Every structure is written in structure tokens, then in C-alpha cells.
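The chains referred to below are lettered A, B, ... by the order of the sequence lines, with proteins before strands, and numbering in each begins at 1. In this text, all values refer to a predicted model and were calculated from it rather than measured experimentally.
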Amino acid sequence: MSEDAKIKITIDGISTEVAPGTTILNAARMIGGDVVPPAMCYYSSLEGSGGKCRTCLVEVSKGSEKDPRPMPKLVVSCSTPVMDGMEVRNTTSARVLEARKGVVEFLLINHPLDCPVCDQAGECHLQDLAFEHGLSKTRYEFKRREFDKVDIGEYIKLHMTRCILCYRCVYTANQLTNGREHGVLKRGDAAEIGTFIEKNLNNDFIGNVIDVCPVGALTDKSFRFRSRVWYTKPMDAHCECTKCSGKVVLWMIGDEVARVTARKDAYGEVKDFICNECRFEKKEKTDWIVEGPRTISKHSVISANHYEREIPKHTILLNKA
Amino acid sequence: MTRKLLLENDHIEGIRTYDVYRKNGGYRSVEKALKTMSPDEVVEEVKKSGLRGRGGAGFPTGMKWSFLAKPDGVPRHLLCNADESEPGTFKDRYLMERIPHLLIEGMIVSSFALGANQSYIYIRGEYMYVLQILEKAIQEAYANGWLGKNILGSGYDLDLSVAPGAGAYICGEETALIESLEGERGNPRMKPPFPAVKGLWQRPTVVNNVETIAAVVPIINDGGDEYAKIGVGRSTGTKLISASGNINKPGVYEIELGVSVEDFLYSDQYCGGIKNGKKLKACVPGGSSVPVLPHFLVCKTATGTDRLMTYESLAEGGFETGSMLGSGGFIVYDEDQCMVKNTWNFARFYHHESCGQCSPCREGTGWMKKVLHNLELGKGKVEDIDLLWDIQSKIEGNTICPLGDAAAWPVAAAIRHFREEFEWHVNEPVLSQTRNFGLVSEKSFITQTV
């Protein structure tokens, strides 16, 4: 098969053509919209991530053109490669929705649900996922798992109680920084993210674990409890940095830089990781060249009350007429 | 009298040592394979024998071997899975402890068939004394020229070593075993790629159970066709069964596949009936992961035919009325046992052993354990039984590795067959703490199939 050969995949009745080797999730992201399964652990720029949270389960109703048998089990779309002629059902499959509801419930039974005091609230993937798929009440009647809060390094606070063990930060620490600094200890529901005997994480790029964390388990100590994210204004900015690309988002309160993060795409993934200096040290507006307001999805709570695009008057008039 | 292939010589004194083992016909299969057969012929012989994986899944071994990728210049590996941790299964330990050379002999022949020059036996950490027995046997094999460079002048080299785990059930899952052997945390890998393509150090790898590898020895000695004559249909050969629970004669038995369950359970040759003349209440025929069978489905299938000790017959009726042969951990319960407590105990095990990598298993196993504990203590509600059913159905099939299924199936089967007893625990919280429910009625099962 030549390199530019494309194979056909149909997701929820929408067909597209993708390169061989693409995963179902990435094919769905190429289509976009409602067919994209949610992903809590998959992170396209981290090798080996995915397959753990099981929220991206989909049903393969037709294996491929050659072997049209459906797959007996639900498969994880983030690491199942597309086959030619494959037919996938995501939101159109009751089985998938039921399983996803189950996974969300499992993720939430040991989650503290402390969103009102959690810094991640407003940009939390688990919050969005639970809003979309979860039940509004719990069936879990037992004590939830609890851990002590740990300072890992100068800048980062680990609040293990909120962790959903997606392993993203483990891969980030292993792949962006030198050597293994950060891993998972213990097993089962006692498993926890940790460094070797609470060692400091002081690598130049370790701050990125905050961005990859889908929940509020790893938070920026320079921003903790400063503000709710929806009270801050995100601005695209850049600077000349010798270590990283310098492309960031400044989260402003008035003229003050409250927080600096890397730029996340529509699926909450960072493409250009930034260094600790950009993230934690450059907290003056003069350190940055501000490009302008960042576009935030209108469904996000962050966009509430901000940047309402002025709707040209004549359209309104036309509609009325 | 049933034929024995693996445990034929286990009663001989000193069979653990090389000299006695060799005198009693040991290492014949290595001579035969290395001197007269090509690797492909060995694989062909195993295919002919119809040998199926003895670790639980029952996948045909010959087929598994033929799936092994053979890219040029890339070493291949054979791993022996001796991480036997399934509650109710202890056959591999007996085999390794008594006749360690049988496993080593099987490893040599199997490695030769697969073209592996470095093979490993991965043994669970709790079997440390067995590890010492194996290491001694390996030293003897090296000293007598059965391992090392140019074995028997055939030009074939093989190094064999034993690696201990740290006591995790999950490392019996083949990809977790590989991770553990590589020195990583024993988390199962995503499949594909399968180990046959990318296994140990990204090289093609075959992982087989101890008993499977040992069974290769009689297959090569007597021929695959001869082996296939034993057994019924697709269940060929002999199988080690670890019998435990309320029976007169617990222990490891080698049976010809196709013996009826009734015969196995009640004849003096095997289990010797239920202890103290009690009645049979339930039976788990294949280790804790497989569904439990209520007394009226143990010896007869739902259609009324005799149930046999074969992969097919035990699975007859699917999970509704059947079970699985699994790894052969035959656990018998008499009328005085509490199924709620037993299910809680199993759930506790799977909660403890879940690796915590994927969410349904990590969170679901703990949840099931807690709900079952409440039911066992008489603090449960009727809705809890439905909740348990719902939790297990959301774990099953949605996890990375089969541990999720293994945790869900016993709970599902217990509710399916023993719902009456669960409800009794809810409705009679005081009484349920002082006595056991007894036998579950057949009628209730027919009226309330879920």
C-alpha cells in the first residue's frame, strides 16, 4: 500500500478517509463534533498514553471490508487502529453510552467532588465528562479514598485524592524530563502518583504535568486559590525563550498575570510544552508580548461573560424582518 | 485406571534429582527432538496433539506457537508462566516441587521448537522454595549438558533462568508478566501488539503455563496422535486438577479429560465424596475466576446430560447454566458454606490484586467488595443485589486485561444462582449471622433467570 493511500472509516454514519495506522479516536477528531469520544487519559503527544480510563470505549459494528464481523467487546478508540471499511458506533450505540456511564460512575466514586474549592473547576475534564454522562446522584455509600496533600517541588501541589490515575503526568515526567522522577506507587485503588520518597521535582519542564492533568490533582502553587478560572481573562502571548517555544496563555485578572499555561487545543491537549521559567517566573505583563484574547469554546464556563463577539446589528434587523 | 502422563513418576523417591529422573526415562524427548526432528516438526506434533493452554483460557498451544512472528535477526523468547496465584489452583507448584526436571525438559523442547535461545521461568515470589528447587535442577541440567551451548551436539544453544515475581496475581497475565520481567511495574499492556509479535523487550515471545510446557514432553515421547487419543473431542490429553474444599481427599489429581464430574467428585480414586457425609452445595470447577455452579448443575448440565471434565462440557450452557474448566482449581462447598461470604472473599481478593491501571477494575472491584461485605454482615438492602449486578456488568469486558472479567464473573454467577441466599441475608439479618442458608432451591433459579 502506498504511503498516501487512504482507508475509509464510518463513525456514527459519517464517513471519512484517513491514513492507515490512525486510531479510531484520531479519525473521529478529524470528523469532529459529536462523534468524538471523550478521552481522559489519552494524550496525543505522549507516547504510550491511553487505554486506561476507558471513557473512549466505542462499538465496532463492522471490523473491516475484508473481515466484516463486529468486534465482540467494546474497544478503546484511543489505541485501536482503523481498518479499511470499519464501521464504528459511538453515540448511536446504547451499549457504548451505558458503558461510558458506568466508567464515569467508577471515576467519581472515589473522587472528592470538591469542585467548589478546586482550582481546576471550570477547565476540568472530569467535570465536563460527569456533566455529560454522569448521574446527578451517587449510589456509593462508603467512605471515599483520601490522601494527604503533598508538595512535590517548589511549584506543584499534589492533591492525590482528586487523581483519576490517568498516568498522563507519569508519561510527561518520563518523556519530557531527564530520567524517571515520577511514577505510580502501590496498586489497585490504593495506587497513588508519587515521587521517590517525596523528592522534589525541579526539572525545567516538570510544570507541564499541571497542564496535562485532566483533574485538579496537580495544581500550580502560584495560582492556588487565587481566582476561579472564569473570573480570569485568557490572552494569547509569547516571549523569546531559549528553552521552549514561548507560546503561552496568560490568565489575567485586570492587568495582573495570575497564571501562565501552555496553549491547549480543542481537546485539552498541549502541543507546545513550556518551561518552568515561562510558567512560574514571568508573572509581569511586561515579560510578554500579548497577541490578543484567546478564543475559548462558547460552551466553556470560562467564556461566560467574556469577549462576547459583537453581533453586527444589521443581521439582527434582517432576522426580525 | 486412568493414564498418567505428567505425574506418572511423582511417587518415586528422589525423582527431584537429575540421576533418578534420567534413570526413569527423563530427557528422552530432548534427545528425540534435537536429534531426529526439526523445530517445525515439533510444532506440528504439538498441533496434532490438540494440546490446549492449561493456564485457564484453553487456547490451542500449537496454534499459539505458529502465530509467533519470526523476523530475521531478532531473538525470540519462551516464557514459562509459573505465577500461579489463582485461589484454588496449586497444580503447578506440585509439579515443579516434585518433578522440576519435567518442566526443564519441556522448556528445552519447546524453546527448540520456537527457536528461542534464552528462556525464562517466571515464578511467583511466594514460591521461593520452589525457585530454589528449580535452580538446583537447572544447575544439574547445565552440568549434564542439557542446557548451554551446543546441546547434544545439535548446534542448538539454550539458556534457561528462573525469575521470581514479587507476589502479584496480575503478573500471571502474560503482558504484565513481561513488564514485570523487564523490571517495570507489573501493569498489563494494551493489545495489540500481541506478545507473539512484540513481547519481552519488543521481541516475539510465547508465554505458556507450566503444565502446558510439561505436557509437551509426553507429546514428543509418544507422538501427538497418541496424546490426542486421550480425552473427548477438542479436549485432549490429561489435566492436573487441584481439588480443594469440603471433600474427603483434597489434592492434585491428574485426570484424563472426559472423566465425568460425578466420578471425579465421588469416586475414591479422586476426591472421595463430600466430607462428613454432608450434601454438595456448590462447586467452582476451574479456579476462583470462573462462575460457581449450584449443586443441581454440577454433575448434570441444564439439558440433563452428564457433565464431563472437559473444556466444552463444563462450559455447556454458557454462563447461564455452565462454567469453565479454567486452570483446574476444583473448589467444592458443602451445605454449611455461605455463598455470600464466599463471594465477598473472592471480591476481596480481586480488589487486593487489581493493578489499578484502568478505572472499571480499580474502582469497581473495591465497590463490589464493600457492598458484599455489608450483605454478608446483614447490613445490606435488596437494592444492593441489583447494584452488584449492575457494577459487575459494567466491569466485565470493559477492562484492559481479563482480571476485570475474572472479578465480575464470580459475583455474577453467585447472584444468578444464589439470589435466594442473598435475599435471605437481607431479610434475616440476625439469623444470617448465626446459621447458614443451606441449599438453594432449583425452582428459584428457573423463575428468576436474570
### Task
Below 4.5 Å from any heavy atom of chain A, which atoms of B:Ser393 appear? Answer side chain, backbone, both or neither.
neither
### Message
Can you tell me if A:Arg144 has over 12 outside heavy atoms packed within less than 6.0 Å of its CZ?
### Response
yes
### Message
More than 12 heavy atoms of other residues, nucleotides or ligands under 6.0 Å from NZ of B:Lys341: yes or no?
### Response
no
### Task
Check the surroundings of atom CE in A:Met83: do more than 12 heavy atoms from other residues, nucleotides or ligands lie under 6.0 Å from it?
no
### Message
Under 4.5 Å from any heavy atom of chain B, what part of A:Tyr140 do you find: side chain, backbone, both or neither?
### Response
both
### Task
Indicate whether any N or O donor in one side chain lies under 3.5 Å from an N or O acceptor in the other, for A:Ser44 and A:Glu269.
yes
### Task
Answer with side chain, backbone, both or neither: which region of A:Val75 has an atom nearer than 4.5 Å to a non-hydrogen atom of chain B?
neither
### Under 4.5 Å from a heavy atom of chain A, the part of B:Glu353 involved
both
### Task
Find the distance between CG (B:Leu68) and NE2 (B:His77) and round it off to the nearest 0.5 Å.
10.5 Å
### Message
Side chains of A:Tyr167 and A:Asn174: any donor to acceptor distance under 3.5 Å?
### Response
no
### Query
Relative to chain B, which of A:Lys73, A:Met40, A:Arg139 shows the most heavy atom pairs under 4.5 Å?
A:Arg139
### Message
Quick check on B:Lys394: does its NZ atom have over 12 non-hydrogen neighbours (other residues, nucleotides or ligands) under 6.0 Å away?
### Response
yes
### Query
Using non-hydrogen atoms only, which part of B:Lys381 is less than 4.5 Å away from chain A: side chain, backbone, both, or neither?
side chain
### Task
Counting only heavy atoms closer than 4.5 Å, note whether B:Ile391 contacts chain A via side chain, backbone, both or neither.
both
### Query
If you count heavy-atom pairs under 4.5 Å with chain A, which of B:Ser354, B:Pro192, B:Pro360 comes out on top?
B:Pro360
### Message
Shorter than 4.5 Å, heavy atoms on both sides: which option in B:Lys370, B:His352, B:Met190 has the most such pairs with chain A?
### Response
B:Lys370
### Among the listed options A:Ala191, A:Pro81, A:Gly51, the residue most often paired with chain B at heavy-atom distances under 4.5 Å
A:Gly51
### Query
So which of B:Glu396, B:Glu383, B:His351, B:Arg362 has the biggest tally of heavy-atom pairs under 4.5 Å with chain A?
B:Arg362
### Message
Given heavy-atom pairs under 4.5 angstrom as the criterion, report whether the side chain, backbone, both or neither of A:Ile109 touches chain B.
### Response
side chain
### Message
Heavy-atom pairs under 4.5 Å with chain A: which of B:Gly186, B:Gly356, B:Ser359 has the most?
### Response
B:Ser359
### Task
Say whether B:Glu179 and B:Asn187, considering side chains only, have a donor N or O and an acceptor N or O under 3.5 Å apart.
no
### Task
Decide if atom CG of A:Asp148 counts as having more than 12 heavy atoms of other residues, nucleotides or ligands within a radius under 6.0 Å.
no
